[in-house]
Amino acid sequence: MHTYRIGEAAALMGVSVDTLRRWVDSGRLTAERDEQGRRIIPGPALAAFAREVASGTDRDHPGSSARNRFSGIVTEVILGDVSAQVEIQAGPFRVVSMISRESAEELKLEPGVPAVAVIKSTNVVVETQ
């Protein structure tokens with residue numbers, strides 16, 4: 001079974017170490033002690049907790065079949081003649097999308113605007129670290 005140290009789990013959840021410690025201290029997230037007495041999070045417990053935290057996200061948009069939603073802030077918009085390249089910083093993730101210039105203008109996309117990257121893909125690459 002894979003385990004995570006507090007800092008690793010916090011990075012994966014996109015929160016501070018202090019927030020993750022509060023979740024453990026309050027009993028929201030299960031932690032154990034390793035041989036050196038450090039708190040570690042069992043992989044299955046972290047996965048279940050991540051699903052629980054994100055569960056409201058999918059259900060907020062029942063009219064959509066897309067399940068991958070990243071809330072963030074627009075950091076760059078490059079307008080071309082026909083298309084626009086839009087960059088969104090969603091927590092630690094940078095999402096770049098090509099959309100029509102007309103759509104970018106209708107949505108009034110510019111740096112600083114809050115946005116959600118909704119991703120529905122038939123091809124997703126999974127890598128291990």
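No hydrogens, no waters, no symmetry mates; every other heavy atom, side chains included, goes into these values. None of these values were measured; they are calculated from a predicted model.
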Item to check | Check against side chain to side chain contact (heavy atoms under 4.5 Å, CB included), V86 and E76 | outcome: CA-CA 6 Å; V86 180; E76 185 174 24; over 6 Å; no
Next on the checklist: Would you say V116 ends up clustered with L109 if hydrophobic residues are merged whenever their side chains have heavy atoms under 4.5 Å apart, either directly or through other cluster members?
Outcome noted: no
Checklist entry - If you group Ile, Leu, Val, Met, Phe, Trp and Tyr by side-chain heavy-atom gaps below 4.5 Å, do L107 and V77 land in one group? => result yes
Next on the checklist: As an exercise, state the distance from CD1 of I78 to CE of M98, rounded to the nearest 0.5 Å.
Outcome noted: 8.5 Å
Next on the checklist: Please evaluate residues N68 and V118 with respect to the criterion side chain to side chain contact (heavy atoms under 4.5 Å, CB included), reporting the C-alpha separation (whole Å), side-chain torsions for both, the decisive distance (0.1 Å), and the verdict.
Outcome noted: CA-CA 6 Å; N68 303 301; V118 180; over 6 Å; no
Checklist entry - F70 and I119: side chain to side chain contact (heavy atoms under 4.5 Å, CB included), yes or no, with the steps? => result CA-CA 8 Å; F70 298 93; I119 300 167; 3.5 Å; yes
Item to check | Spacing of R94 atom CZ and Q89 atom CD [to the nearest 0.5 Å] | outcome: 8.0 Å
Next on the checklist: Quick check: is V96 connected to L79 through a chain of hydrophobic side chains (ILVMFWY, heavy atoms under 4.5 Å apart)?
Outcome noted: no
Checklist entry - Ignoring hydrogens and geometry, is there a side-chain-to-backbone donor-acceptor pair from E105 to E102 under 3.5 Å? => result no
Checklist entry - In Å and rounded to the nearest 0.5 Å, what is the CD1 to CG distance from I6 to L29? => result 7.5 Å
Item to check | Partners meeting side-chain contact (heavy atoms from CB on, under 4.5 Å) with Q36 (sequence neighbours left out) | outcome: D34, R38
Next on the checklist: Quick check on R101: does its CZ atom have over 12 non-hydrogen neighbours (other residues, nucleotides or ligands) under 6.0 Å away?
Outcome noted: yes
Checklist entry - Would you say the side-chain atoms of S26 pair up with the backbone N or O of R22, donor to acceptor, closer than 3.5 Å? => result yes
Checklist entry - Can you name the closest pair of heavy atoms from I41 and A9 and give their distance? => result CG1-CB, 4.0 Å
Item to check | Shortest non-hydrogen separation from A31 to P42 and the atoms involved | outcome: CA-CD, 4.5 Å
Checklist outcome for this item: Heavy-atom closest pair (A117 atom, V95 atom, distance to 0.1 Å) is CB-CG1, 3.8 Å
Next on the checklist: In the structure I gave you, are the side-chain heavy atoms of Q85 and S97 within less than 4.5 Å of one another anywhere?
Outcome noted: no
Checklist entry - For the atom pair CG (L20) and OG (S16), what is the distance rounded to the nearest 0.5 Å? => result 8.0 Å
Checklist entry - Under a single-linkage definition using a 4.5 Å side-chain heavy-atom cutoff for Ile, Leu, Val, Met, Phe, Trp and Tyr, are F93 and L12 assigned to the same hydrophobic cluster? => result no
Checklist entry - Looking only at heavy atoms, which two atoms of G7 and V17 are closest? And how far apart? => result CA-CG2, 4.0 Å
Item to check | Any side-chain donor near an acceptor of the partner, T75 and E87, under 3.5 Å | outcome: yes
Next on the checklist: For G80, is there any backbone N or O sitting under 3.5 Å from a side-chain donor or acceptor partner on S83?
Outcome noted: no
Checklist entry - Given the rule in the side chain to side chain contact (heavy atoms under 4.5 Å, CB included) test, do R5 and R39 qualify, once you have shown the distances and angles that lead to the verdict? => result CA-CA 7 Å; R5 292 181 17 197; R39 288 192 285 187; over 6 Å; no
Item to check | CD1-OG1 distance between I40 and T30, expressed to the nearest 0.5 angstrom | outcome: 12.0 Å
Checklist entry - For E110, what residues pass the side-chain contact (heavy atoms from CB on, under 4.5 Å) criterion, not counting sequence neighbours? => result V113
Checklist outcome for this item: d(Y4 OH, L46 CG) to nearest 0.5 Å is 6.5 Å
Checklist entry - Which heavy-atom pair separates P44 from H2 by the least distance, and what is that distance? => result CD-O, 4.3 Å
Next on the checklist: I need the minimum non-hydrogen distance between A84 and A104, along with the two atoms involved.
Outcome noted: CB-CB, 3.8 Å
